[in-house]
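Here is how names work: the chains are called A, B, and so on, in the same order as the sequence lines, proteins then strands, and each is numbered from 1. The structure displayed is predicted, hence computed values, not measured ones.
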2 protein chains.
Amino acid sequence: MPTKKSAILKAMHETATGLHRAGVMDQVTLKEFDRLCLPPVKDLAPAAIKRIRQKERVSQAVFASLLNTSLSTVQKWEVGQKKPTGAALKLLHIVQDRGLDVVMHTS
Amino acid sequence: MPTKKSAILKAMHETATGLHRAGVMDQVTLKEFDRLCLPPVKDLAPAAIKRIRQKERVSQAVFASLLNTSLSTVQKWEVGQKKPTGAALKLLHIVQDRGLDVVMHTS
DNA sequence: ACAGCCGTTGCACTTAGTGCTATAGTAATA
DNA sequence: TATTACTATAGCACTAAGTGCAACGGCTGT
């Protein structure tokens with residue numbers, strides 16, 4: 001059912017994209033957004049973060065640089081001393097789902 | 001020349017991918033990474049952040065939710081009261097280069 | 001033996017991130 | 001017209017993430 005859901009979301013997004021590209025929609029407001037019902041970003045356990053990194057076969061230092069963060073931060077994420085939140089958490093999920101290519105082929 | 005550079009990086013990355021997929025390379029260490037010479041993530045001016053959001057035609061609230069951050073934070077980014085750093089800054093650059101699709105079609 | 005990277009730990013500091021409140025402008029509804 | 005709702009801004013105060021540094025042991029290659 002995750003595939004089903006994402007398929008629906010994709011269709012809706014494409015539709016919305018077409019609409020505002022046509023100038024029909026001005027801006028995506030909270031109303032339309034609520035209907036998109038974007039899934040809340042789940043927390044990542046320390047072990048999960050470590051797994052994400054090891055799956056990509058990079059050291060903590062390299063991982064940190066790729067995420068534009070510090071070695072110290074990555075270390076504390078993986079030990080559970082600090083918890084990634086906000087944009088950091090989102091970025092980790094993106095890497096988990098799409099791999100490091102997304103973060104490497106930037107600019 | 002940015003295209004040239006990214007082409008080289010892409011080729012190197014694909015080569016490296018093939019190598020460690022074959023089990024030849026254990027892990028991407030700092031040595032190999034330094035040769036990749038990943039470009040340092042540049043700061044984003046408040047106006048630049050606002051432009052990124054407006055290009056995607058979303059409100060501050062929607063933009064915040066998509067980046068898994070708070071409305072308050074996005075507002076202060078755009079006014080220059082707070083500066084995005086680390087993973088947040090990286091994520092903003094990704095959105096700038098690839099659009100909001102990357103952040104929407106996750107999970 | 002030496003140098004270099006990796007991973008862990010501990011300490012201490014700065015500031016980003018967050019929440020809440022209030023304000024003003026705009027658009028659509030009754 | 002009144003009212004409802006969304007957007008954007010501003011100000012205040014708190015917490016915790018993010019950062020830097022130093023030291024240690026383990027491992028590898030020269």
Side-chain angles (χ1 to χ4, degrees), chain A residues 16 20 23-36 38 40-41 43-93, chain B residues 16 20 24-36 38 40-93:
Chain A
H20 78 57
V24 180
M25 274 171 57
D26 209 21
Q27 199 181 230
V28 178
T29 68
L30 262 190
K31 264 186 210 153
E32 287 82 27
F33 182 66
D34 285 344
R35 294 195 194 111
L36 280 175
L38 139 153
V41 178
D43 273 12
L44 284 174
I49 300 178
K50 189 162 202 160
R51 253 181 288 125
I52 295 176
R53 176 179 64 85
Q54 289 178 333
K55 197 176 79 179
E56 302 291 337
R57 307 204 146 226
V58 290
S59 68
Q60 291 175 335
V62 172
F63 196 62
S65 289
L66 288 174
L67 299 189
N68 191 41
T69 187
S70 70
L71 169 61
S72 185
T73 295
V74 171
Q75 287 170 341
K76 277 150 194 175
W77 283 348
E78 297 191 357
V79 181
Q81 200 171 345
K82 296 290 172 72
K83 302 193 172 192
T85 63
L89 185 59
K90 183 73 182 188
L91 187 54
L92 283 172
H93 272 98
Chain B
H20 78 58
V24 179
M25 273 171 58
D26 210 21
Q27 199 182 229
V28 177
T29 68
L30 262 189
K31 264 186 210 154
E32 288 82 26
F33 182 66
D34 286 342
R35 295 198 193 107
L36 280 175
L38 139 152
V41 178
K42 277 211 61 176
D43 273 10
L44 284 175
I49 301 178
K50 190 162 201 160
R51 254 181 288 123
I52 295 176
R53 176 178 63 86
Q54 290 178 333
K55 198 176 78 178
E56 303 290 338
R57 306 201 148 228
V58 290
S59 68
Q60 291 175 335
V62 172
F63 196 61
S65 288
L66 287 174
L67 299 188
N68 191 40
T69 187
S70 70
L71 169 61
S72 185
T73 295
V74 171
Q75 287 171 342
K76 276 151 195 175
W77 283 349
E78 297 191 357
V79 182
Q81 200 171 345
K82 295 290 172 72
K83 303 194 171 193
T85 63
L89 184 60
K90 184 73 183 187
L91 187 53
L92 283 172
H93 272 98

* Asked: Which part of the nucleic acid, if any, lies within contact of Ala87(B), taking any heavy atom under 4.0 Å across all strands shown: a base, the sugar-phosphate backbone alone, or nothing?
  -> nothing
* Asked: Could you give the NZ-to-P distance, from Lys82(B) to dA16(D), as a whole number of Å?
  -> 15 Å
* What's the CG-C1' distance between Asn68(A) and dA16(C), to the nearest Å? -> 14 Å
* Ignoring the backbone of Gln60(B), work out which of dT19(D), dA8(D), dG17(C) is nearest its side chain. => dA8(D)
* Residues Ile52(B), Leu44(B); criterion side-chain contact (heavy atoms from CB on, under 4.5 Å); working and verdict -> CA-CA 10 Å; Ile52(B) 295 176; Leu44(B) 284 175; 4.0 Å; yes
* State, to 0.1 Å, how close Val79(B) and Pro46(B) come at their nearest heavy-atom pair, and which atoms those are. => C-CB, 4.2 Å
* Expressed in angstrom and rounded to an integer, what is the separation of Glu78(A) atom CD from dA17(D) atom P? -> 16 Å
* Report yes if at least one side-chain N or O of Thr73(B) is closer than 4.0 Å to OP1 or OP2 of dG17(C); otherwise report no. => no
* To do: Kindly determine whether His93(A) and Leu89(A) satisfy side-chain contact (heavy atoms from CB on, under 4.5 Å), including the steps that lead there.
  => CA-CA 6 Å; His93(A) 272 98; Leu89(A) 185 59; 4.0 Å; yes
* **Integer-rounded Å distance: dA17(D) C1' and Ile49(A) CD1** => 12 Å
* Does Lys76(A) get its side chain close enough to the base of dT19(D), under 3.5 Å, for a donor-acceptor pair? -> yes
* Specify the separation, in whole Å, of atom CZ of Arg57(A) and atom C1' of dC6(C). => 16 Å
* **Side-chain N or O of Trp77(A) closer than 4.0 Å to phosphate OP1/OP2 of dG18(D)** => yes
* Asked: How long is the line joining CD of Gln81(A) and P of dG18(D), in whole Å?
  -> 12 Å
* Asked: Phosphate oxygens OP1/OP2 of dT15(C): is one of them under 4.0 Å from a side-chain N or O of Thr85(B)?
  -> no
* Which listed nucleotide (dG17(C), dT9(C), dG18(D)) is nearest to the side chain of Thr69(B)? -> dG17(C)
* **Separation of dG18(D) C1' from Leu89(A) CG (nearest whole Å)** => 15 Å
* Asked: Between Ser59(B) and dT7(D), does any side-chain N or O lie under 4.0 Å from OP1 or OP2?
  -> yes
* To do: Would you kindly give the CG-to-P distance between Leu91(B) and dA16(C), to the nearest whole Å?
  => 17 Å
* Could you check Trp77(B) against Leu67(B) for side-chain contact (heavy atoms from CB on, under 4.5 Å), going step by step and ending with a plain yes or no? => CA-CA 13 Å; Trp77(B) 283 349; Leu67(B) 299 188; 4.0 Å; yes
* To do: Identify, between Gly86(B) and Leu71(B), the residue whose nearest nucleotide on DNA chain D lies closer to the 5' end.
  => Leu71(B)
* Asked: Of the nucleotides dG17(C), dA17(D), dG7(C), which has the atom closest to the Lys83(A) side chain?
  -> dA17(D)
* Which nucleotide in the set dA16(C), dG7(C), dA8(D) lies at the smallest distance from any side-chain heavy atom of Lys50(A)? -> dG7(C)
* Could you tell me whether the phosphate oxygens of dA8(D), OP1 or OP2, come under 4.0 Å of any side-chain nitrogen or oxygen in Arg53(B)? => yes
* To do: Return the nearest nucleotide to the side chain of Ala61(B); candidates are dT18(C), dT7(D), dG18(D).
  => dT7(D)
* Could you tell me which non-hydrogen atom of Ile49(B) sits nearest to which non-hydrogen atom of Pro84(B), and how far apart they are? => CD1-CG, 3.6 Å
* Smallest separation among heavy atoms of Lys90(A) and Asn68(B), with atom names -> CB-CB, 3.9 Å
